[in-house]
Participant: 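Just passing along the structure, written as structure tokens.
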Amino acid sequence: MRKPDRLELANLPTPIWSLDGMDYCRENARLFMKRDDFTGFEMGGNKVRKLEYALKQGMDQGAEVFITCGGIQSNHVRAVASAAALFSRKAHLVLSGSDMQPDGNYFLDLLFGASVQFVSEEDYKYRRQQLMEEIRASYTRRGIQAYILPEGASNGIGFFGYYQAYEEIMMQERLLREPFDTICVAVGSGGTYAGLYAANEMYGCRKRIVGFNIYDKNADAEMQIAGIIEEGLRVGGCRNRISYDRIHIVYDYVGEGYGITSSQVMDFIHKTALQTGILLDPVNTGKALYGVVSELYKRNPLLTGNVLYIHTGGQFGIFPQKNRFCL
Ligand SMILES: Cc1ncc(COP(=O)(O)O)c(C=O)c1O
């Protein structure tokens, strides 16, 4: 696999912590956490690893504007807004829904000077790519080069972020002398999972890669992930065929839907904060780690041995929901 060039934006390698001291472990499983929320602050979490590749491609193409899309509390969108400010570019954001009091990630998008365009949920769902292309065309007409990043930068270029993260984990397990049997991660647009899964297959490591869908229980994440991997293999000039039979996605912890968090998950986030000092967010990592811990309690055979959960960041998303905590 030929990885494309990337920018160096993230603080790598991110540390791996043992969670042995917490009551999450079972006799047949130990839980570890890779702190990918430490990749950075404004550009923290999993997004920055994908942006290292995607923004490099955009800048090499002479982009003066980065166009991307997401929900109003999207971490990806906020990271792009921050990167645009860092590189003296402009961010043009297509957000699903309608304007509201700036808070959390949306507040930061505005603080970083991004242009924001709201579209209906319907248009977002079915026409977001077309809308972004129309926006790009309007920049082109004015002689301005613009580059489109899809939702979550989950495409064949962003894919390399977590392909490379998997290689980082292989290096760390050699140093830590703790081979991981299972890697767990939240699944939204699928790019994070896709990179991990593909690297696991390409290196023939046979770890179990278990995704916890936080997006939509009716989504076909498996198909989405396979599409991202195929595109990634093409970008990397790799002719190997890989099997998709070992994709494991758990859909039981999506709850009522994307961004809607149950009181059990809110309690879990609060308990984790009190007992560990670790901050999760209600949209992604709170739901996903709640799922991991619940499956450990149920003794799910996929989660045995050394289980590594990747904390993918997103903590700014807690602020718009602060009223749901009883302090
Ligand atoms: C904090 C956080 N974790 C995990 C995910 C899921 O990553 P991906 O979109 O690559 O599946 C997202 C994005 O949806 C996120 O913002």
Side-chain angles (χ1 to χ4, degrees), residues 10 14 33-54 68-82 96 104-106 108-109 149-166 183-198 209-216 219-229 231-232 247 249-251 253-254 257-259 261 265 269 278-292 309-321:
T14 55
M33 181 183 276
K34 182 163 173 65
R35 300 293 313 253
D36 263 17
D37 51 328
F38 289 3
T39 48
F41 187 67
E42 302 87 346
M43 274 184 276
N46 57 340
K47 306 304 171 193
V48 62
R49 289 189 186 263
K50 304 179 199 186
L51 292 184
E52 289 193 324
Y53 291 93
T68 197
C69 63
I72 191 161
Q73 285 302 330
S74 164
N75 295 302
H76 158 73
V77 158
R78 176 255 307 149
V80 171
S82 158
S96 162
N105 284 308
Y106 177 46
L108 294 176
D109 298 342
L149 298 101
E151 191 177 56
S154 287
N155 61 2
I157 183 91
F159 158 87
F160 286 95
Y162 273 83
Y163 193 96
Q164 190 257 334
Y166 186 95
I183 299 178
C184 297
V185 76
V187 172
S189 55
T192 303
Y193 186 98
L196 293 169
Y197 182 86
I209 313 291
V210 184
F212 286 76
N213 191 293
I214 46 84
Y215 199 52
D216 179 358
D220 190 348
E222 291 82 351
M223 172 103 111
Q224 166 104 354
I225 287 163
I228 297 168
I229 294 175
E231 205 185 318
I247 293 185
I249 306 292
V250 180
Y251 288 90
Y253 300 94
V254 181
Y258 180 67
T261 312
V265 172
I269 292 172
I278 295 171
L279 183 60
L280 303 166
D281 80 288
V283 180
N284 305 282
T285 55
K287 278 187 188 178
L289 187 60
Y290 178 75
V292 170
Y309 171 72
I310 304 184
H311 188 323
T312 43
Q315 287 99 330
F316 295 120
I318 203 165
F319 295 106
Q321 301 208 39

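Counting starts at 1 for both ligands and their atoms, following the listed order.
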Participant: Where is the nearest protein heavy atom to atom 16 (O) of ligand 1: which residue, which atom, and how far?
Facilitator: Asn75 ND2, 2.8 Å
Participant: Donor-acceptor pair, Tyr193 side chain versus Ile209 backbone, under 3.5 Å?
Facilitator: yes
Participant: Do Val77 and Cys69 make a side-chain contact, defined as non-hydrogen atoms from C-beta onward lying under 4.5 Å apart?
Facilitator: no
Participant: Can you list the atoms of ligand 1 that are under 4.0 Å from a heavy atom of Gly191?
Facilitator: 10 (O), 11 (O)
Participant: Check whether any side-chain N or O of Tyr253 sits under 3.5 Å from a backbone N or O of Val292 as a donor-acceptor pair, and report yes or no.
Facilitator: no
Participant: Atom 9 (O) of ligand 1: which protein heavy atom is closest, and how many Å away?
Facilitator: Ser189 OG, 2.5 Å
Participant: Excluding sequence neighbours, so at least two apart, what forms ring pair (Phe, Tyr, Trp, His ring centres under 6.0 Å) with Tyr163?
Facilitator: Phe159
Participant: Is it the case that ligand 1 has an N or O less than 3.5 angstrom from some N or O of Tyr193?
Facilitator: no
Participant: Where the closest heavy atom to atom 8 (P) of ligand 1 is concerned, which of Gly152, Gly45, Gly190 has it?
Facilitator: Gly190
Participant: Is Ile183 close to Tyr166 at the side-chain level, that is, under 4.5 Å between some pair of heavy atoms?
Facilitator: yes
Participant: Under 4.0 Å from any heavy atom of Gly313, which atoms of ligand 1 are there?
Facilitator: 1 (C)
Participant: Give the ring-plane orientation class for Phe160 versus Tyr53, where under 30° counts as parallel, over 60° as perpendicular and anything between as tilted.
Facilitator: tilted
Participant: Students often mix this up, so state it plainly: with edges at 30° and 60°, are the rings of Tyr215 and Tyr258 parallel, tilted or perpendicular?
Facilitator: perpendicular
Participant: With no hydrogens and no angle check, do the side chains of Lys50 and Ser154 hold a donor and an acceptor under 3.5 Å apart?
Facilitator: yes
Participant: What protein heavy atom sits nearest atom 3 (N) of ligand 1, and how far off is it?
Facilitator: Thr312 OG1, 2.6 Å
Participant: Quick one: does ligand 1 sit under 4.0 Å from the side chain of Val185, the backbone, both or neither, non-hydrogen atoms only?
Facilitator: neither
Participant: Need the ligand 1 atom indices (1-based, order shown) with element for anything under 4.0 Å from a heavy-atom of Val187.
Facilitator: 11 (O)
Participant: One residue to check: His76. Relative to ligand 1, which of side chain, backbone, both or neither has a non-hydrogen atom less than 4.0 Å away?
Facilitator: neither
Participant: For atom 7 (O) of ligand 1, what's the nearest protein heavy-atom neighbour? Residue, atom name and distance, please.
Facilitator: Asn46 ND2, 3.1 Å
Participant: Any side-chain to backbone donor/acceptor pair from Asp281 onto Gln315? Under 3.5 Å, distance only.
Facilitator: no
Participant: Backbone or side chain, does any N or O of Asp281 fall under 3.5 Å from an N or O of ligand 1?
Facilitator: no
Participant: Would you check whether Gly314 has a nitrogen or oxygen atom less than 3.5 angstrom from a nitrogen or oxygen atom of ligand 1?
Facilitator: no
Participant: Where's the contact between Lys47 and ligand 1, heavy-atom distance under 4.0 Å: side chain, backbone, both or neither?
Facilitator: side chain
Participant: May I ask you to list the atoms of ligand 1 that are less than 4.0 angstrom from any heavy atom of Thr192?
Facilitator: 7 (O), 8 (P), 10 (O)
Participant: Testing Ile310, Asp37, Thr39 one by one against Thr14 for a side-chain contact (heavy atoms from CB on, under 4.5 Å), which residue passes?
Facilitator: Thr39
Participant: What atoms in ligand 1 come closer than 4.0 Å to a heavy atom of Asn284?
Facilitator: 1 (C), 2 (C), 3 (N), 5 (C), 12 (C), 13 (C), 14 (O), 15 (C), 16 (O)
Participant: Could you tell me which atoms of ligand 1, counted from 1 in the order shown, lie closer than 4.0 angstrom to a heavy atom of Ala186?
Facilitator: 4 (C), 6 (C)
Participant: Find out whether Ile249 and Ile225 are in side-chain contact, i.e. whether some heavy atom of one side chain is under 4.5 Å from a heavy atom of the other.
Facilitator: yes
Participant: Using a 3.5 Å distance criterion without hydrogens, assess whether the side chain of Arg78 forms a donor-acceptor pair with backbone atoms of Glu42.
Facilitator: yes
Participant: For ligand 1, which atoms have a heavy atom of Lys50 less than 4.0 angstrom away?
Facilitator: 8 (P), 9 (O), 10 (O)
Participant: For atom 6 (C) of ligand 1, what is the nearest protein heavy atom, given as residue, atom name and distance?
Facilitator: Gly188 N, 3.4 Å
